[in-house]
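One structure below.
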Amino acid sequence: MADDAHALEKLRIQAALLLSQARAQSDAVQRALSALPADSPLRLRLAGIATQLANASSGLTVALNGPLFSLTQTDLVAWNAVVNVDAISALLAEAAAQTAAGSTAMQTLAIAASATRQEVQTLATDIFERRIFDGYLRFDSTEDEEAFRRREAACRQYIDAQLARHTPEGDLNAGGGVLGYMLDAHAHGAGDSPDFAPRWNVMVEKVQQQRAAMLAAGQSTEEFDRTLLANVRAFLKHKRLTDAEIDARLAQYANPLDAVKSEMANDRASRRLENQIELTALPTAAVPPLPRVTVIEDGAAPDVPLTIDPEAIRARLKAAGVLTIGSVEPAAGHGLPPQKSAGKPGQSVVS
């Protein structure tokens, strides 16, 4: 009887130790589950392990707390196979690695979101309060400007609302709102500002870095992507591209921002070149041909009748003090008869 009691006590000690191990394993699995992203494939496997550990803990607790300890060595071996299976250690190690990577991803995201938020706040102040691009805006009509100002007000309201969320997603959406406004402003001449291209490039860099960080951390960028695509399409539409042309261009790029990269460069140099090309292409005024002088041989009749009155020309030359052949008058005071120049044989000047 003493040996039976000793064996029973030994089983109870083993069961208590196994219960302690089951509870420790269960706690570790629960911590891993809480740290894993919601879409991690490990969650389903760990959840199954957690259920098995819970069943083992419950069975061992009932056996240890009951009036009679009924577990056998075979029962303890079976429970031990559930509690201390190697698969649990492997899953916990994999989950820990994912959690560490996730922690790094979250830290990276926090840094990227902060950088985006700071750039949005600075640029929004320059755009909406300092009005750094307003001097370059051009509109086709009063209605065009009024429509632009309505979009501007709505964009500013959207940016403020997204920043007020104080979340990475809100910061990213606010950055997308700034880019949307800049696309609209560029379509109305803001690209001529020397500040536009560098400010655009910085904002693009910030949102692209944050978007990549959000995806790495398992967070959604759906609203940012949808809004940015709509703004890019509106910009290309303003450039007079058809829907088919817009679709074709966007299909070439995974990132919609790449579809407008060429247009986002500083326009001042390109616009100056366009103006020079337009000036050189203007039609020049026709230059009238020089008058032709026709020498008429003696006895030859001109093909075109003369339209000049020789007598009228002779009268005007005489009035100006110029003597013409055949009408030279004696010079007063010297008493010499007028001299007649000998002409070249065979030709004469029609007078």
Side-chain angles (χ1 to χ4, degrees), residues 30-43 46 92-130 132-133 155-186 193 195-232 235 253-261 264-266:
Q30 292 299 330
R31 286 194 299 270
L33 282 171
S34 63
L36 283 173
D39 59 348
S40 172
L42 284 180
R43 292 186 64 86
L46 282 174
L92 290 176
E94 188 175 353
Q98 282 196 14
T99 300
S103 178
T104 301
M106 291 303 296
Q107 292 175 1
T108 302
L109 174 56
I111 294 172
S114 177
T116 299
R117 183 182 186 87
Q118 182 176 353
E119 184 62 26
V120 167
Q121 290 173 328
T122 300
L123 192 49
T125 298
D126 290 343
I127 289 173
F128 301 123
E129 295 180 17
R130 294 182 56 217
I132 62 174
F133 297 138
C155 183
R156 184 174 188 179
Q157 184 178 10
Y158 176 78
I159 292 170
D160 291 342
Q162 292 300 314
L163 289 176
R165 295 173 61 182
H166 293 283
T167 63
E169 183 180 5
D171 295 337
L172 182 65
N173 292 340
V178 170
L179 292 180
Y181 170 83
M182 294 185 76
L183 284 167
D184 199 354
H186 187 284
S193 168
D195 292 331
F196 187 94
R199 302 300 293 271
W200 167 267
N201 291 335
V202 170
M203 192 74 260
V204 167
E205 179 184 8
K206 300 301 183 185
V207 299
Q208 287 183 328
Q209 289 177 349
Q210 186 187 342
R211 182 178 183 276
M214 289 188 68
L215 293 176
Q219 297 196 17
S220 173
T221 63
E222 187 274 333
E223 180 175 347
F224 169 83
D225 295 341
R226 183 184 69 252
T227 304
L228 182 63
L229 180 60
N231 288 329
V232 167
F235 173 81
Y253 304 99
N255 182 355
L257 290 174
D258 290 337
V260 297
K261 183 179 292 185
M264 289 299 105
N266 191 332

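- No salt bridge links Asp195 with Arg199; every basic N to acidic carboxylate O contact stays at or beyond 4.0 Å.
- Here the closest heavy-atom approach between residue Cys155 and residue Gly177 is recorded as SG-O, 3.1 Å.
- The main-chain N or O of Leu33 is found under 3.5 Å from a side-chain atom of Arg43 such that the two form a donor-acceptor pair.
- Gln208 pairs by the side chain to side chain donor-acceptor pair (under 3.5 Å) definition with nothing, not counting sequence neighbours.
- Side-chain atoms of Asn231 come within 3.5 Å of backbone N or O of Thr227 as a donor-acceptor pair.
- Counting only distance, with no hydrogens or angles, the side chain of Ser114 and the backbone of Ile111 share no donor-acceptor pair below 3.5 Å.
- No more than 12 heavy atoms of other residues, nucleotides or ligands shown are found within 6.0 angstrom of CD on Gln157.
- For the atom pair Tyr181 OH and Phe133 CZ, the distance stands at 7.5 Å (nearest 0.5 Å).
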Compile the donor-acceptor pairs under 3.5 Å between side chains in residues 214-221 and protein atoms, sequence neighbours left out, one pair per line.
residue : atom : partner : partner atom : Å
Ser220  : OG   : Glu222  : N            : 3.2
Thr221  : OG1  : Asp225  : OD2          : 2.9

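- Closest non-hydrogen pair, Phe235 versus Leu183, comes out as CD1-O, 3.2 Å.
- Going from atom OG1 of Thr122 over to atom CZ of Arg130 covers 10.5 Å, rounded to the nearest 0.5 Å.
- With rounding to the nearest 0.5 Å, the separation of CG in Leu123 from CG in Leu179 is 8.5 Å.
- The side chain to side chain donor-acceptor pair (under 3.5 Å) test applied to Arg117 returns His166, Asp171, not counting sequence neighbours.
- In this structure, CD1 in Ile127 is found 7.0 Å from CD1 in Ile159, a value given to the nearest 0.5 Å.
- Of all non-hydrogen atoms in Gly176 and Val207, the two that sit nearest each other are N-CG1, 4.4 Å.
- Legend: side-chain hydrogen bond (donor to acceptor under 3.5 Å, both in side chains) pairs involving residues 97-112, not counting sequence neighbours, sorted by first then second residue: Ser40-Gln98.
- Checked against side chain to side chain donor-acceptor pair (under 3.5 Å), Gln162 has the following partners two or more places apart in sequence or in another chain: Arg165, Asn173.
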Show your working on side-chain contact (heavy atoms from CB on, under 4.5 Å) between Met203 and Val120 and close with a plain yes or no. CA-CA 8 Å; Met203 192 74 260; Val120 167; 3.8 Å; yes
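- The line from CD of Gln210 to OG1 of Thr116 is 4.0 Å long, rounded to the nearest 0.5 Å.
- By the 4.0 Å N-to-carboxylate-O rule, Arg156 lies close enough to Glu129 to be salt-bridged with it.
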After noting the C-alpha distance and the side-chain angles of Phe224 and Glu169, does the key distance pass the side-chain contact (heavy atoms from CB on, under 4.5 Å) rule? CA-CA 8 Å; Phe224 169 83; Glu169 183 180 5; over 6 Å; no
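- Qualifying side chain to side chain donor-acceptor pair (under 3.5 Å) partners for Asn201, counting only residues two or more places apart in sequence or in other chains: none.
- Contact record, Pro256 with Val232: O-CG1, 3.9 Å, taken as the closest heavy-atom pair.
- A donor-acceptor pair under 3.5 Å is absent between the side-chain atoms of Arg211 and the main chain of Leu172, judged by distance alone.
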